[in-house]
Amino acid sequence: MRLSPAVRLSEYFLPTLREVPSEAEIVSHRLMLRAGMVRQEAAGIYSWLPLGFRVMKKIEQIVREEQDRIGAAEVLMPTMQPADLWRRSGRYDGYGKEMLRIQDRHDREMLFGPTNEEMITDIFAEHARSYKNVPLMMYHIQWKFRDEVRPRFGVMRGREFLMKDAYSFDLTPEDGRVSYNKQFLAYLRTYARMGIKAIPMRADTGPIGGDLSHEFILLADTGESEVYCDQEFLDIDPLSAEVDIRDPDAVQKVADRYNALYARTDELHEPAVFEEQVPEERRYVGRGIEVGHIFFFGTKYSDPLNAKVTTSDGQSAPVLMGSYGVGVSRLVGGIIEASHDDKGIVWPEAVAPFQVALINLRVGDAGCDSACEDLFAKLQAAGIEVIYDDRDERAGVKFADMELIGIPWQIVVGPKGVKNGVVEVARRGADGRDEMAPDAAVARIAG
Ligand code: ATP
Ligand code: MG
């Protein structure tokens with residue numbers, strides 16, 4: 001999906017607020033409301049306004065590209081599911097009040113999907129028959145509904161939320177581990193590309209056992225999860241480790257390296273264990289937000305839903321599965337928690353709604369208008385996404401709005417500069433403005 005490469009603010013819908021909304025408890029929720037990114041429709045249910053929508057789509061696209069890179073095939077399953085499918089897996093009754101149950105006009109029992117293990121397993125069971133169909137990974141990016149007891153923190157704990165969920169299908173535990181590790185690496189790359197630190201923490205696998213579950217925790221002081229880890233862990237740059245994902249050994253080696261740097265999350269919560277495992281100078285204690293959760297669960301769904309494949313020697317075996325979730329809409333709030341200042345949001349470049357805000361200080365002045373039109377066209381030609389503030393507003397309002405919505409670069413065009421053939425360039429989060437010729441400004445931002 002291609003987002004509009006350029007917008008004029010006079011034609012855009014950016015309902016920013018000066019005052020701080022009182023209903024919002026945490027900074028990301030306040031800033032999302034003030035920046036006009038979302039509007040609450042009911043508890044935990046939001047409309048995504050133009051600016052919020054753009055950021056969500058950017059995040060979604062990074063997630064998609066990294067899933068595609070490891071060979072996962074994108075599908076789209078519906079939000080509505082038949083209750084019977086969940087009866088067959090045995091989860092319908094146990095799921096409880098978090099599941100929104102609905103009846104259609106024929107009194108058939110339906111539900112708004114909180115997740116899709118059952119449906120994807122059923123799809124696999126119908127169409128895949130042999131060992132030749134695996135290894136296989138499929139994913140979709142779709143709205144989920146969970147009737148959370150306490151929806152809060154804006155989009156971070158919503159009831160309706162956008163999730164990427166991927167599923168792996170393998171014949172042997174060894175292959176299953178390779179699929180898991182591919183996802184593990186894809187997650188490291190996904191978050192690093194978004195410009196954030198999200199660290200994998202070994203998670204409890206519950207009654208199924210085994211150690212193949214990790215939560216990915218985005219570091220932020222306001223997070224719900226406690227983080228205890230080795231500082232060395234935070235210093236690794238996942239993008240620098242270019243791994244050949246077709247090589248199972250290479251994939252395993254990287255996953256092992258990460259796993260070696262920390263013990264089980266719950267064990268590290270024990271001060272004694274933490275102190276024993278991590279040298280004092282490398283102990284990191286903080287808080288974070290769960291932005292992803294990956295899980296290998298073997299035959300949990302393939303057994304009851306009868307998803308089997310024939311092996312090369314003609315036997316029949318249930319397929320081994322894993323599931324891999326990313327909280328796409330939660331990340332919008334999460335990234336703001338991790339990256340803001342007293343003026344507003346500071347978007348990492350990769351997820352910023354636009355790269356540059358073009359600010360016309362005197363709309364109606366022929367020189368300013370034509371310099372801005374010229375820059376507006378040149379920025380687009382250079383592939384830079386631009387929001388052009390062509391509103392008839394005071395300079396102070398324009399600066400405050402563009403800082404609030406966190407645009408990484410500003411180009412400021414005023415009558416004095418236009419006479420001297422220069423514009424001002426500023427970087428969000430840095431002090432000072434540099435004067436330069438308009439072409440140099442485009443080059444600086446493109447570079
Ligand atoms: P949590 O412990 O935060 O409730 P979970 O364990 O229920 O999360 P999963 O079922 O693993 O979450 O879902 C995958 C991802 O979806 C989570 O890592 C999280 O980022 C996101 N997610 C889960 N619940 C919500 C929600 N209510 N609102 C927004 N995002 C959510
Ligand atoms: Mg939950």
Side-chain angles (χ1 to χ4, degrees), residues 25-26 28-29 32 37-38 40-46 48 52 55-56 59-60 62-63 67 79 86 91 94-100 112-120 139-168 180 183-184 186-188 190-191 194 196 198-206 208 212-220 222-227 265-266 287-297 300-301 321-338:
E25 289 172 69
I26 58 167
S28 62
H29 190 194
M32 284 184 75
M37 293 176 69
V38 289
Q40 184 177 306
E41 303 297 350
I45 299 176
Y46 291 87
W48 291 79
V55 174
M56 187 165 63
I59 292 171
E60 182 184 319
I62 292 174
V63 171
Q67 290 296 301
T79 54
W86 287 65
R91 275 213 288 187
Y95 214 94
K97 290 198 161 177
E98 261 196 26
M99 179 186 275
L100 182 64
F112 195 129
T115 178
N116 283 70
E117 279 84 3
E118 282 74 0
M119 192 169 278
I120 198 89
Y139 74 99
H140 75 161
I141 301 172
Q142 177 63 294
W143 293 93
K144 306 290 187 285
F145 195 95
R146 295 183 186 174
D147 208 349
E148 300 271 356
V149 194
R150 213 151 91 78
R152 57 185 182 148
F153 301 157
V155 300
M156 293 230 280
R157 185 166 297 284
R159 291 196 296 165
E160 189 177 307
F161 60 96
L162 189 62
M163 193 204 282
K164 182 283 295 181
D165 38 325
Y167 302 90
S168 62
Y180 184 90
Q183 285 288 347
F184 184 96
Y187 275 52
L188 294 175
T190 298
Y191 300 119
M194 291 173 193
I196 55 178
I199 57 167
M201 307 268 274
R202 256 187 254 176
D204 205 0
T205 47
I208 303 139
L212 282 182
S213 179
H214 289 85
E215 287 173 355
F216 287 77
I217 310 287
L218 165 62
L219 299 182
T222 45
E224 289 181 317
S225 315
E226 283 180 312
V227 177
T265 321
D266 47 345
R287 304 196 69 80
I289 300 160
E290 182 193 319
V291 290
H293 194 173
I294 63 176
F295 215 109
F296 183 75
F297 46 69
K300 185 175 177 190
Y301 301 97
M321 293 176 59
S323 75
Y324 312 89
V326 171
V328 174
S329 52
R330 174 178 288 185
L331 271 161
V332 181
I335 293 172
I336 297 174
E337 278 309 312

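Residue numbers run from 1 in the order of the sequence given. Because only heavy atoms are used, hydrogens play no part in the values below, and waters and symmetry mates are left out as well, while side chains stay in. All ligand and atom numbering here is 1-based and tracks the order in the structure.
One finds the CD1 atom of Ile196 at 11.5 Å from the CZ atom of Phe216 (value rounded to the nearest 0.5 Å).
Put simply, the residue from Arg157, Arg330, Arg159 that forms a salt bridge (Lys or Arg N to Asp or Glu O under 4.0 Å) with Glu148 is Arg157.
Taking Phe112 as the reference, Phe145 meet the ring-ring contact (aromatic ring centres under 6.0 Å, His included) condition, with sequence neighbours excluded.
Residues Asp147 and Lys97 are not in side-chain contact: their nearest non-hydrogen atoms beyond the backbone lie 4.5 Å or more apart.
Between Lys300 and Glu117 there is no salt bridge, since none of the side-chain N atoms of the basic residue sits less than 4.0 Å from a carboxylate O of the acidic one.
Of the candidates Arg159, Met163, His293, Met163 brings a heavy atom nearest to atom 13 (O) of ligand 1. Taking only non-hydrogen atoms, the option from Arg146, Glu160, Glu215, Met156 nearest to atom 9 (P) of ligand 1 is Arg146. The closest heavy-atom contact to atom 24 (N) of ligand 1, among the options Tyr324, Phe145, Phe161, comes from Phe161. Comparing Arg157, Arg152, Arg150 by heavy-atom distance to atom 1 (P) of ligand 1, the nearest is Arg157.
Residue Arg330 has at least one N or O atom closer than 3.5 Å to an N or O atom of ligand 1.
When non-hydrogen atoms are compared, ligand 1 lies under 4.0 Å from the side chain of Glu148 (C-beta onward) but not from its backbone. Contacts between Asp165 and ligand 1, counted as non-hydrogen atom pairs separated by less than 4.0 Å, are absent for every part of the residue.
Ligand-side atoms of ligand 1 in range of Val291: 18 (O), 20 (O), range being under 4.0 angstrom from any heavy atom. The Val155 neighbourhood of ligand 1 comprises atoms 29 (C), with distances under 4.0 Å to a heavy atom of that residue.
Note: Trp48 and Trp143 have tilted aromatic rings, judged against thresholds of 30 and 60 degrees for the angle between ring planes. Tyr46 and His29 have perpendicular rings, their planes meeting at more than 60° on a 0 to 90° scale where under 30° would count as parallel.
Heavy-atom separations between Ser329 and ligand 1 are all 4.0 Å or longer.
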